[in-house]
Amino acid sequence: MAITDNPQLDPRALKATSVKAEDPEKPSEEPSTLKITAASSDPKMFTLPWEKPLATWPSELLVNLPRGISRHIVRFVHVGDEVYAMKEITRSVAEREYEILRQLQKLNLPTVQPIAVVTGRHDDNGEPLEAILVTKHLRFSMPYRALFARTLRPDTAERLIDALAVLMVRLHLAGFYWGDVSLSNVLFLKDADAFSAFLVDAETGDLQIELTQGQREYDIDLARTNIIGELMDLSSGELLPPDVDEIAIGNRLVDRYHSLWSALTDTEKFSPDEMWKIEKRVNRLNELGFDVDELEMKTTEDGKRVLVRPRVVDAGYANRKLLRLTGLDVQENQARRLLNDLDAYRAQSWRDGEDLEIVATDWMREVFEPTVRMIPREYRSQIEPAQFFHEVLDHRWYMAEKAGHDVPMAEAVESYVKDVLPQYKLDTKTVNELNADADAGVIDDEYTYDDASNKANHTKPADDHDDDYNPEDDPDAAVWAQ
């Protein structure tokens with residue numbers, strides 16, 4: 001059912017975009033000329049070589065960033081000062097995914113930002129080409145395989161799973177049925193000692209008023225199965241520590257999801273003289289990173305108990321507080337850490353009675369900004385300033401513990417830059433290997449790109465005898481024979 005068929009949905013989602021997914025059983029005629037529907041007014045978008053298959057775009061346009069595993073051709077492309085991810089897919093899938101991502105963005109959910117959907121593409125011979133979905137590259141993010149290509153803490157897999165559980169709960173609370181949950185369909189940002197997860201692939205998703213328990217459980221079960229398989233794949237490539245139990249980590253997702261869902265949605269019973277427990281529950285939700293915008297409270301028929309249930313919850317409690325005080329827009333755990341340092345600065349400067357907004361302004365000028373200005377230029381595209389600040393604070397603490405006395409901030413930064421920061425760089429060889437693995441999973445008839453005569457004749461090479469597969473029956477096929 002199309003979103004516009006359901007007026008009970010959030011008005012923000014209903015008015016998110018003019019692009020509406022078609023019924024795949026009744027597709028309209030393909031555009032005869034190039035058509036770009038964009039949420040960006042960048043005129044450089046029109047100068048890209050849309051008449052060429054994405055796999056053949058010139059290297060000077062491309063950015064060599066690690067790509068996640070996808071069923072489709074994906075490339076990172078320079079467009080002016082921005083870096084966009086381009087995904088070549090069928091028109092119906094491109095339009096549907098663009099529409100859904102726009103809706104989720106309007107609901108302030110953690111997804112990649114949709115930029116454009118490009119249809120009506122034709123090559124120089126007038127032959128039709130696949131549509132392209134354009135999304136903005138999420139700066140500082142990594143696909144899960146790229147994270148494991150670095151030297152990471154032994155509990156990295158568990159922290160990724162925790163982030164994915166939070167993402168699933170947030171999407172489910174908003175009525176989004178995912179239908180294809182996996183680590184491959186998520187990008188991860190470091191968030192202090194944890195990670196934040198962002199939806200990157202919404203092809204199979206559907207936005208509804210409210211999900212049934214069966215829909216949620218299906219997403220959870222599918223996520224568990226896919227994650228176990230993905231971790232086993234990492235293990236076979238010797239990218240996981242040998243003591244990691246893939247099945248236990250898959251089960252961890254289920255447990256973490258149910259625990260968080262329960263904390264956010266369960267109804268609790270209090271006696272009239274225990275109303276203080278309501279504030280305790282709200283504080284607990286704040287600690288989990290959620291604001292409670294609305295509570296439903298009613299008494300039982302005998303009047304002896306009060307039933308309390310959160311009705312509207314929204315993530316980003318610490319983020320919004322820090323944004324209000326400093327203007328910094330960072331991840332939730334980063335915000336919590338920065339607020340703690342702000343509180344410590346306030347206490348150390350004997351300013352507990354002073355307006356927090358004034359103290360925050362001084363903290364930004366005297367502590368945060370001088371520290372992040374010390375990020376070397378070559379690393380400024382590798383690590384977020386808030387993450388850098390958090391990790392320097394940790395490094396400073398370990399240095400002080402080892403030395404037995406306090407360590408100046410500048411000294412801690414110099415030590416961190418020398419001894420820790422280099423781990424953030426992925427060398428070109430590693431990125432190329434990761435991207436080769438990612439491309440290996442693409443469903444693509446490569447002969448349509450690589451052999452000009454085959455392309456002209458639309459015939460498969462003689463050694464290709466996959467008679468059981470008809471790409472025209474596969475809605476996920478990136479390219480098929482005409």
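Counting from 1, the numbers follow the sequence of the chain as shown. Here the structure is a predicted model, which means the values were calculated and not measured.
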Worksheet item: For Lys429, which residues count as a side-chain contact (heavy atoms from CB on, under 4.5 Å) partner, sequence neighbours excluded?
Response: Asp427, Glu433

Practice prompt. Kindly indicate, with the supporting measurements, whether the criterion salt bridge (charged side-chain N to carboxylate O under 4.0 Å, His left out) is fulfilled by Lys87 and Glu203.
Written response: CA-CA 12 Å; Lys87 181 165 68 170; Glu203 290 176 24; 3.1 Å; yes

Worksheet item: Considering the options Ile247, Asp233, Leu253, which one meets the side chain to side chain contact (heavy atoms under 4.5 Å, CB included) requirement together with Ile228?
Response: Ile247

Item to complete: Please check if the side chain of Thr204 supplies one atom and the backbone of Trp178 the other of a donor-acceptor pair under 3.5 Å.
Response: yes

Worksheet item: For the residue pair Glu384 and Leu189, what are the closest heavy atoms and their distance?
Response: OE1-CD2, 4.2 Å

Discussion item. Under a 3.5 Å distance rule, please check whether Glu210 uses its side chain to pair with a backbone N or O of Gly175 as donor and acceptor.
Written reply: no

Worksheet item: Any side-chain heavy-atom pair from Phe388 and Tyr416 closer than 4.5 angstrom?
Response: yes

Check residues 110-122 and write down every donor-acceptor pair under 3.5 Å in which the side-chain atom is one partner and the other belongs to a residue at least two apart or another chain.
unit_1: Thr111; atom_1: OG1; unit_2: Gln105; atom_2: NE2; d: 3.0
unit_1: Arg121; atom_1: NE; unit_2: Trp50; atom_2: O; d: 2.9
unit_1: Arg121; atom_1: NH1; unit_2: Glu88; atom_2: OE2; d: 3.0
unit_1: Arg121; atom_1: NH1; unit_2: Glu130; atom_2: O; d: 2.5
unit_1: Arg121; atom_1: NH2; unit_2: Trp50; atom_2: O; d: 3.0
unit_1: Arg121; atom_1: NH2; unit_2: Lys52; atom_2: O; d: 2.6
unit_1: His122; atom_1: ND1; unit_2: Gly120; atom_2: O; d: 3.0

Worksheet item: Taking all atoms of both residues into account, what is the closest heavy-atom pair of Leu421 and Pro376, and its distance?
Response: CD2-CD, 3.8 Å

Worksheet item: Got Trp57 and Ile73 here, is their nearest side-chain heavy-atom distance under 4.5 Å?
Response: no

Fill in: ring pair (Phe, Tyr, Trp, His ring centres under 6.0 Å) evaluation trace for Phe368 with Phe389
CA-CA 7 Å; Phe368 182 80; Phe389 187 84; 5.2 Å; yes

Practice prompt. Determine whether more than 12 heavy atoms belonging to other residues, nucleotides or ligands lie under 6.0 Å from atom CD of Glu378.
Written response: yes

Fill in: Distance in Å, Arg224 CZ paired with Asp255 CG, rounded so as to fall on 0.5 Å steps
10.0 Å

Practice prompt. Check step by step if side-chain contact (heavy atoms from CB on, under 4.5 Å) holds for Val83 and Val77.
Written response: CA-CA 6 Å; Val83 175; Val77 178; over 6 Å; no

Item to complete: Please assess Asp219 against Glu217 for the test side-chain contact (heavy atoms from CB on, under 4.5 Å), listing each intermediate value before the final yes or no.
Response: CA-CA 5 Å; Asp219 260 358; Glu217 292 297 333; over 6 Å; no

Discussion item. Is the shortest side-chain heavy-atom distance between Met86 and Ile132 below 4.5 Å?
Written reply: yes

Discussion item. We want to know whether Asp419 and His395 form a side-chain donor-acceptor pair, criterion being a heavy-atom distance below 3.5 angstrom.
Written reply: no

Item to complete: Could you tell me whether Asp180 and Arg71 have a side-chain N and a carboxylate O separated by less than 4.0 Å?
Response: yes

Worksheet item: Do Val186 and Phe198 come within less than 4.5 Å of each other through their side chains, counting heavy atoms only?
Response: no

Worksheet item: How far does CZ of Arg102 sit from CD of Glu97, to the nearest 0.5 angstrom?
Response: 14.0 Å

Item to complete: State, yes or no, whether a side-chain contact exists between Met142 and Phe188 at a heavy-atom distance under 4.5 Å.
Response: no

Worksheet item: Do you know which two heavy atoms are closest between Lys321 and Leu339, and how far apart they sit?
Response: CD-CD1, 4.0 Å

Discussion item. If you define the side chain from C-beta out and look only at heavy atoms, does anything of Leu393 sit under 4.5 Å from Arg337?
Written reply: yes

Practice prompt. Applying side chain to side chain contact (heavy atoms under 4.5 Å, CB included) between His390 and each of Asp193, Asn333, Val330, report the one that passes.
Written response: Asp193

Worksheet item: Considering only heavy atoms from C-beta outward, does the side chain of Arg67 approach that of Arg75 to under 4.5 Å?
Response: yes

Discussion item. Please evaluate residues Val79 and Leu48 with respect to the criterion side-chain contact (heavy atoms from CB on, under 4.5 Å), reporting the C-alpha separation (whole Å), side-chain torsions for both, the decisive distance (0.1 Å), and the verdict.
Written reply: CA-CA 8 Å; Val79 182; Leu48 297 174; 3.9 Å; yes

Worksheet entry | Exercise: do Arg336 and Tyr317 side chains pair donor with acceptor under 3.5 Å | no

Worksheet item: Out of curiosity, Leu207 CG to Leu107 CG, how far, rounded to the nearest 0.5 Å?
Response: 6.0 Å

Worksheet, complete the sentence: CG of Leu338 to CG of Leu322, rounded to nearest 0.5 Å, is 5.5 Å

Discussion item. Using a 3.5 Å distance criterion without hydrogens, assess whether the side chain of Ser262 forms a donor-acceptor pair with backbone atoms of Ser259.
Written reply: no

Worksheet entry | Cationic tip of Arg216 above Trp261 ring, under 6.0 Å, 45° of axis | yes

Practice prompt. Would you check if there is a donor-acceptor pair between the side chains of Gln208 and Gln215 at a distance under 3.5 Å?
Written response: yes

Discussion item. Please report the interatomic distance CG(Leu133) to CG(Leu101), rounded to the nearest 0.5 Å.
Written reply: 6.5 Å

Item to complete: Could you tell me whether a side-chain N or O of Arg252 sits under 3.5 Å from a main-chain N or O of Ala157, the two making a donor and an acceptor?
Response: no

Worksheet item: Is there a donor-acceptor pair under 3.5 Å between the side chain of Gln387 and the backbone N or O of Ala192?
Response: yes

Discussion item. Can you give me the closest heavy-atom contact between Ser196 and Asp191, atom names plus distance?
Written reply: OG-OD2, 3.0 Å

Discussion item. As an exercise, state the distance from CG of Asn319 to CZ of Arg324, rounded to the nearest 0.5 Å.
Written reply: 12.0 Å

Worksheet item: What do the steps show when you test His258 against Ile220 for side-chain contact (heavy atoms from CB on, under 4.5 Å), and what is the final call?
Response: CA-CA 9 Å; His258 284 139; Ile220 297 166; 3.8 Å; yes

Discussion item. Please check: side-chain N/O of Asp123 versus main-chain N/O of Asn125, any donor-acceptor pairing under 3.5 Å?
Written reply: yes

Worksheet item: Sub-3.5 Å donor-acceptor pair from the side chain of Gln334 to the main-chain atoms of Gln331, do we have one?
Response: yes

Worksheet item: So, do Pro53 and Leu129 sit near enough that their side-chain heavy atoms are less than 4.5 Å apart?
Response: yes

Worksheet entry | Nearest heavy-atom neighbours spanning Leu434 and Arg145 | CD2-O, 3.8 Å

Fill in: Asn432 vs Asn64, side-chain hydrogen bond (donor to acceptor under 3.5 Å, both in side chains): CA-CA, chis, key distance, verdict
CA-CA 8 Å; Asn432 290 340; Asn64 195 27; 3.2 Å; yes

Practice prompt. Work out which heavy atom in Phe176 is nearest to a heavy atom in Ala202; give both atom names and the distance.
Written response: CZ-CB, 4.3 Å

Practice prompt. Check the side chains of Tyr257 and His172 for a donor-acceptor pair under 3.5 angstrom, ignoring hydrogens and angles.
Written response: yes

Worksheet item: Is it the case that more than 12 heavy atoms not belonging to Tyr177 sit under 6.0 Å from its OH atom?
Response: yes

